[in-house]
A.B. asks: 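The structure is given below, and queries will be raised subsequently.
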2 protein chains.
Amino acid sequence: MTFGEHIRKLREQKQLLLREVASQMHIDTALLSKIERGTRIARKEQVEALAIALKENKNELLNVWMADKIVNMLKDESNSTEILKKVEEEIKNLTNKKQQL
Amino acid sequence: MTFGEHIRKLREQKQLLLREVASQMHIDTALLSKIERGTRIARKEQVEALAIALKENKNELLNVWMADKIVNMLKDESNSTEILKKVEEEIKNLTNKKQQL
DNA sequence: TTAAATTAGACAAATATTGACAAGTCAAAA
DNA sequence: TTTTGACTTGTCAATATTTGTCTAATTTAA
């Protein structure tokens with residue numbers, strides 16, 4: 001499930017209109033439509049505003065949004081698994097280094 | 001090991017100068033220096049040119065580069081593990097969908 | 001010290017992103 | 001069937017970011 005699909009589902013569950021949510025976010029309805037359909041990428045501040053408008057957990061929504069951005073980077077890669085392995089390794093390294101401080 | 005550290009190590013192992021490699025890549029020495037130090041991000045075509053100049057495997061170098069970009073997106077996140085889990089899940093989904101075609 | 005190698009800073013040019021508007025589609029109500 | 005309301009699409013100017021290079025440091029090695 002992409003970020004757009006995710007927030008559309010939430011919005012529909014809550015029976016809110018695009019224009020209602022968009023207005024709370026202080027953006028154009030058309031822009032929110034594009035974000036839900038994945039033709040535009042939301043900015044971080046917009047995700048935060050969205051969390052408020054939808055009464056969802058901000059961090060959780062930001063995680064979905066970030067994951068979606070990474071998936072988009074990897075979706076055309078044949079080696080995505082190998083790349084992800086490298087990422088995990090490196091993140092582990094960074095975490096260790098941080099702890100040493 | 002970041003992408004920059006990686007290519008610097010390779011270059012030094014091969015005893016090549018920044019200016020030699022940069023010239024082969026048709027870019028300024030200063031730019032390659034920044035890429036190695038991580039203050040500039042290489043473009044895909046530059047990574048490919050680098051692979052040629054360093055006589056390294058292109059795909060492997062591209063993977064290191066891509067992993068580095070993802071690590072940079074995640075390095076300030078407290079939830080990077082959770083995010084990566086979502087990414088893997090989604091990639092798995094995409095792979096399945098592709099196979100269905 | 002000198003000379004070569006590397007790095008930093010500043011800049012214009014090129015690219016990309018942004019948000020809005022207007023016009024479009026579509027389905028359901030009148 | 002017309003109208004209405006919800007959503008979508010295409011386009012555009014404004015803004016922001018990225019790019020590569022130049023020049024001027026700074027570091028390094030002889």
Side-chain angles (χ1 to χ4, degrees), chain A residues 1-54 56 61-62 64-76, chain B residues 1-54 56 61-62 64-76:
Chain A
M1 176 128 63
T2 66
F3 176 74
E5 288 166 353
H6 184 71
I7 61 173
R8 168 151 294 187
K9 202 180 70 181
L10 291 173
R11 179 174 65 79
E12 288 176 343
Q13 277 171 1
K14 290 161 207 270
Q15 314 217 48
L16 298 167
L17 299 177
L18 268 183
R19 97 176 119 73
E20 295 174 317
V21 176
S23 150
Q24 278 209 65
M25 294 170 67
H26 305 293
I27 61 170
D28 199 286
T29 304
L31 179 50
L32 182 53
S33 166
K34 285 169 188 164
I35 291 170
E36 286 190 347
R37 313 194 79 265
T39 62
R40 276 292 180 98
I41 294 165
R43 300 177 12 179
K44 187 169 189 178
E45 312 84 63
Q46 288 167 343
V47 178
E48 291 167 348
L50 201 43
I52 292 169
L54 295 175
E56 288 287 319
L61 204 55
L62 281 170
V64 175
W65 169 75
M66 179 67 80
D68 191 59
K69 296 216 293 183
I70 294 173
V71 169
N72 271 319
M73 294 176 69
L74 290 174
K75 66 174 193 295
D76 300 319
Chain B
M1 176 129 61
T2 66
F3 176 75
E5 288 166 352
H6 184 72
I7 62 173
R8 168 150 294 186
K9 202 181 69 181
L10 291 172
R11 179 175 64 80
E12 287 176 345
Q13 276 171 3
K14 289 160 208 270
Q15 315 216 50
L16 298 168
L17 298 177
L18 270 182
R19 100 178 122 71
E20 297 173 318
V21 176
S23 151
Q24 278 208 66
M25 294 170 66
H26 304 294
I27 61 170
D28 199 285
T29 305
L31 178 50
L32 182 53
S33 165
K34 286 167 190 163
I35 290 170
E36 286 190 347
R37 305 179 47 71
T39 63
R40 280 290 180 98
I41 295 166
R43 300 177 11 176
K44 188 170 188 178
E45 311 84 64
Q46 289 167 343
V47 178
E48 291 167 348
L50 202 43
I52 292 168
L54 295 175
E56 289 287 317
L61 204 54
L62 281 170
V64 175
W65 168 75
M66 179 67 79
D68 191 58
K69 296 216 292 183
I70 294 173
V71 169
N72 271 319
M73 293 176 70
L74 290 174
K75 68 173 190 296
D76 301 319

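Note that the coordinates shown come from a computational prediction; the quantities given were computed from them, not determined experimentally. Reminder, nothing fancy here: chain letters follow the sequence lines and each chain counts from 1.
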A.B. asks: Please evaluate residues A:Leu54 and A:Leu16 with respect to the criterion side-chain contact (heavy atoms from CB on, under 4.5 Å), reporting the C-alpha separation (whole Å), side-chain torsions for both, the decisive distance (0.1 Å), and the verdict.
C.D. replies: CA-CA 9 Å; A:Leu54 295 175; A:Leu16 298 167; 4.1 Å; yes

A.B. asks: Counting only heavy atoms from other residues, nucleotides and ligands, does the tally under 6.0 Å from CD1 of B:Ile41 exceed 12?
C.D. replies: no

A.B. asks: Out of curiosity, B:Met66 CE to A:Met73 CE, how far, rounded to the nearest 0.5 Å?
C.D. replies: 5.0 Å

A.B. asks: Taking it one step at a time, do B:Glu20 and B:Lys14 satisfy salt bridge (charged side-chain N to carboxylate O under 4.0 Å, His left out)?
C.D. replies: CA-CA 11 Å; B:Glu20 297 173 318; B:Lys14 289 160 208 270; over 6 Å; no

A.B. asks: Locate the shortest heavy-atom distance separating A:Val47 from A:Ala42; write the atom from each residue and the value.
C.D. replies: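 Distance-wise, the nearest heavy atoms are CG2-CB, 3.9 Å.
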
A.B. asks: Return the residues of residues 7-19 of chain B meeting this criterion: a heavy atom under 4.0 Å from some atom of DNA chain C. Order them by number, or give none.
C.D. replies: B:Arg8, B:Arg11, B:Leu17, B:Leu18, B:Arg19

A.B. asks: With a 4.0 angstrom cut-off to heavy atoms of chain A, pull out the first and last contacting nucleotide of DNA chain D, in 5'-to-3' order.
C.D. replies: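 From 5' to 3', the first and last contacting nucleotides are D:dA6 to D:dT11.
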
A.B. asks: For C:dG19 and A:Gln46 - does any side-chain N or O of the residue sit under 4.0 Å from the phosphate oxygens OP1/OP2?
C.D. replies: yes

A.B. asks: Could you tell me the separation between the CZ atom of A:Arg43 and the CG atom of A:Leu50, rounded to the nearest 0.5 Å?
C.D. replies: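 Rounded to the nearest 0.5 Å, the CZ-CG separation comes to 14.0 Å.
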
A.B. asks: Can a donor-acceptor pair be found, under 3.5 Å and without considering hydrogens, that links the side chain of A:Glu12 to the backbone of A:Lys9?
C.D. replies: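 Checked: no pair found.
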
A.B. asks: For DNA chain C, find the residues of residues 30-40 of chain A with a heavy-atom distance under 4.0 Å and give them by number; none if there aren't any.
C.D. replies: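 When residues 30-40 of chain A is checked for heavy atoms under 4.0 Å from DNA chain C, the hits, listed by number, are A:Ala30, A:Leu31, A:Lys34, A:Arg40.
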
A.B. asks: Which heavy atom in B:Ser33 sits nearest to a heavy atom in B:Leu18, and how many Å separate them?
C.D. replies: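 Heavy-atom minimum between the residues: CB-CD1, 3.7 Å.
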
A.B. asks: So, do B:Lys69 and B:Asn72 sit near enough that their side-chain heavy atoms are less than 4.5 Å apart?
C.D. replies: no

A.B. asks: Are A:Glu36 and A:Arg11 close enough for a salt bridge, meaning some N to O gap below 4.0 Å?
C.D. replies: yes

